[in-house]
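Since the structure comes first, as structure tokens, the remarks are kept for the end.
Labels below follow one simple rule: chain letters A, B, ... track the order of the sequence lines, proteins then strands, and each chain is numbered from 1.
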2 protein chains.
Amino acid sequence: MKSDSSVPHVDPPSLAERIRLEMDSFTPSEKRAAHMLLSHYPFAGLDTVAEFASRAGISAPSVLRFVTRLGFSGFPEFQKHLREELEAQLLSPLAKASPSDKTHGAPALASFAESVIGNLRATVENIAPAEFDAVVELLSDQRRPIHFTGGRFTGALARYAESHLRIVRSHVDYIEGQPVLWRDRMIEIGKKDVIVAFDIRRYQEDVTALCEAGAKQGATVILLTDPWLSPIARVARHVLPAHIVAPSNWDSSAGLLLITEALVAAVTKRLWETAKPRMEAVERLRNEKP
Amino acid sequence: MKSDSSVPHVDPPSLAERIRLEMDSFTPSEKRAAHMLLSHYPFAGLDTVAEFASRAGISAPSVLRFVTRLGFSGFPEFQKHLREELEAQLLSPLAKASPSDKTHGAPALASFAESVIGNLRATVENIAPAEFDAVVELLSDQRRPIHFTGGRFTGALARYAESHLRIVRSHVDYIEGQPVLWRDRMIEIGKKDVIVAFDIRRYQEDVTALCEAGAKQGATVILLTDPWLSPIARVARHVLPAHIVAPSNWDSSAGLLLITEALVAAVTKRLWETAKPRMEAVERLRNEKP
DNA sequence: CAAAAGCTGTACCAAAAATTTCAAACAAGC
DNA sequence: GCTTGTTTGAAATTTTTGGTACAGCTTTTG
């Protein structure tokens with residue numbers, strides 16, 4: 001693995017981050033301003049001083065002192081900075097890889113991160129594009145019910161996938177690993193169904209059993225696993241392996257999460273016409289909170 | 001075409017669209033203003049009238065006439081509209097990108113991965129080492145009960161953390177977000193307890209309520225959030241922000257997962273003396289499967 | 001090829017916004 | 001309990017900004 005000495009494009013720390021770091025040194029009313037700004041970042045700062053002040057429940061001069069303290073010569077300059085930051089963020093959603101030369105962070109965290117990043121790169125390289133596409137295709141077929149499942153640890157990832165995909169399309173659910181909990185649901189599973197299983201080493205027998213039972217009934221099985229492949233691979237139609245070794249007593253699931261998120265992103269895009277109204281509906285329901 | 005009365009929730013036509021449609025009816029200098037605005041939409045409109053005019057190569061009054069023609073009562077109102085439009089777009093994962101590009105398969109995965117990697121690097125750089133260490137310290141204190149919680153999507157991460165940590169040490173549980181499910185458990189929470197909350201934008205009020213209730217009872221709150229900070233930050237003792245913006249209609253939780261795994265790794269190491277026997281015991285129980 | 005209509009910019013004004021001043025309220029220290 | 005240093009907001013001040021009137025120019029049209 002090569003260290004990236006090449007790209008020297010550090011993305012400037014967001015003003016929000018700086019505020020967070022300096023939060024302790026603020027006076028009470030400055031803190032109110034800071035919280036107010038962060039809670040609607042950065043839009044709260046784009047209004048007038050008076051508006052900002054009243055929303056934060058402080059006086060205009062306090063707002064001015066706040067922005068001065070942040071190093072700006074005045075409110076307009078502060079606003080200009082916010083606009084530029086916003087524009088930069090919006091125009092290049094792609095992350096600019098920043099060099100991690102300055103290991104000022106907790107060494108533990110930093111080296112752990114580098115290791116995880118190595119896993120992600122290795123994972124991407126070992127995924128067959130056709131396989132990925134085929135899975136996207138399957139998950140985008142609205143006539144096929146999708147069932148997520150996973151083991152002790154990976155179950156959380158299956159839930160994560162399910163919670164997103166269920167908004168994008170219908171007929172998405174999560175099946176608990178223990179046989180007692182899925183035995184009776186099995187009668188519903190047929191040729192149209194798709195089972196997405198997460199399983200890494202210390203492969204869990206109940207998950208394997210679930211997939212085998214499903215496969216026997218004609219369901220299509222998709223497996224997200226480690227490079228040594230869970231036994232589920234035998235009955236799986238598509239296998240997406242992720243590298244999981246980390247400097248820890250535990251394996252890292254970051255690669256699985258990466259694949260999961262990429263799949264969700266791809267499916268969302270693919271089904272955008274129908275997904276958009278669904279997402280909007282969820283949005284609306286969320287806002288009716290009283 | 002017009003009168004889309006059929007489609008349920010049509011999102012308001014962006015001002016940009018309207019401008020494009022009415023482009024023909026504009027006077028020459030209005031067209032210059034329009035082109036200028038559309039080419040840097042909507043940021044070009046957030047500056048002052050004078051700035052806008054000079055960039056478009058026209059005079060200030062022409063700009064004023066332009067916005068009046070669009071139906072606004074004045075320049076401030078025009079700007080307000082732009083800001084609101086922008087905010088609506090940015091805050092909702094919807095509309096982040098209409099599915100225009102046909103990037104497919106592996107390229108999608110690869111670029112998604114690069115973006116996520118950028119997030120991880122940025123996340124690591126912005127975590128204060130002291131903060132990370134302090135959290136490890138807290139989670140390693142076996143006398144303190146640990147409660148994990150999270151929102152719709154982040155709840156899965158909280159579960160992931162819980163499933164690992166509960167093996168390393170005792171007194172670890174997961175609290176469901178809905179108030180009805182934790183109201184009664186609150187009486188157990190006291191000064192010794194630690195609440196670890198996962199919450200990213202579209203911050204969830206029930207999770208905030210849980211943390212506030214816990215904090216009021218003297219519990220120590222640890223928050224994993226995005227750089228804009230969940231309102232929970234107000235009551236949190238420690239805050240660990242992760243970068244979450246990805247080329248997707250959804251946010252990426254990879255940074256949160258990274259922090260989570262690094263924490264679990266650190267705590268495991270810290271408590272190794274007691275953790276090892278526990279892990280072995282779990283292993284043994286697992287193998288007695290008949 | 002005029003006369004009318006429509007555009008556009010200069011100059012000025014009014015309004016609103018940012019900034020500074022200053023005194024009151026508050027907290028910490030002696 | 002006084003003093004000193006901070007913090008804060010009301011009000012005054014200054015600067016900036018948006019808005020308007022009007023005259024010159026361009027284009028259209030009879």
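Taking atom NZ of residue B:K31 and atom C1' of nucleotide C:dC7, one finds them 13 Å apart after rounding to whole Å. At whole-Å resolution of the value, NZ in B:K80 and C1' in D:dG18 are 17 Å apart. Rounded to an integer number of Å, the gap from B:F72 CZ to D:dG18 C1' is 16 Å. Going from atom CZ of B:F26 over to atom P of C:dG6 covers 18 Å, rounded to whole Å.
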- Given side-chain hydrogen bond (donor to acceptor under 3.5 Å, both in side chains), test B:T274 with B:Q142 step by step and report yes or no. CA-CA 10 Å; B:T274 57; B:Q142 308 237 32; 3.0 Å; yes
Once base and sugar-phosphate atoms are separated, protein heavy atoms under 4.0 Å mark nucleotides 8-21 of chain C, 5' to 3', with B, S and - as BBB------SSBB-
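For the residue pair A:H81/A:E77, the side-chain donor-acceptor check at 3.5 Å is not satisfied.
More than 12 non-hydrogen atoms from other residues, nucleotides or ligands lie less than 6.0 angstrom from CZ of A:R83.
With sequence neighbours left out, the side chain to side chain donor-acceptor pair (under 3.5 Å) criterion links B:H147 to B:D173, B:D193.
Remark: the backbone N or O of B:F43 is not paired with any side-chain donor or acceptor of A:E87 at under 3.5 angstrom. A donor-acceptor distance shorter than 3.5 angstrom exists from the side chain of B:N119 to the backbone of B:V245, with no hydrogens or angles considered.
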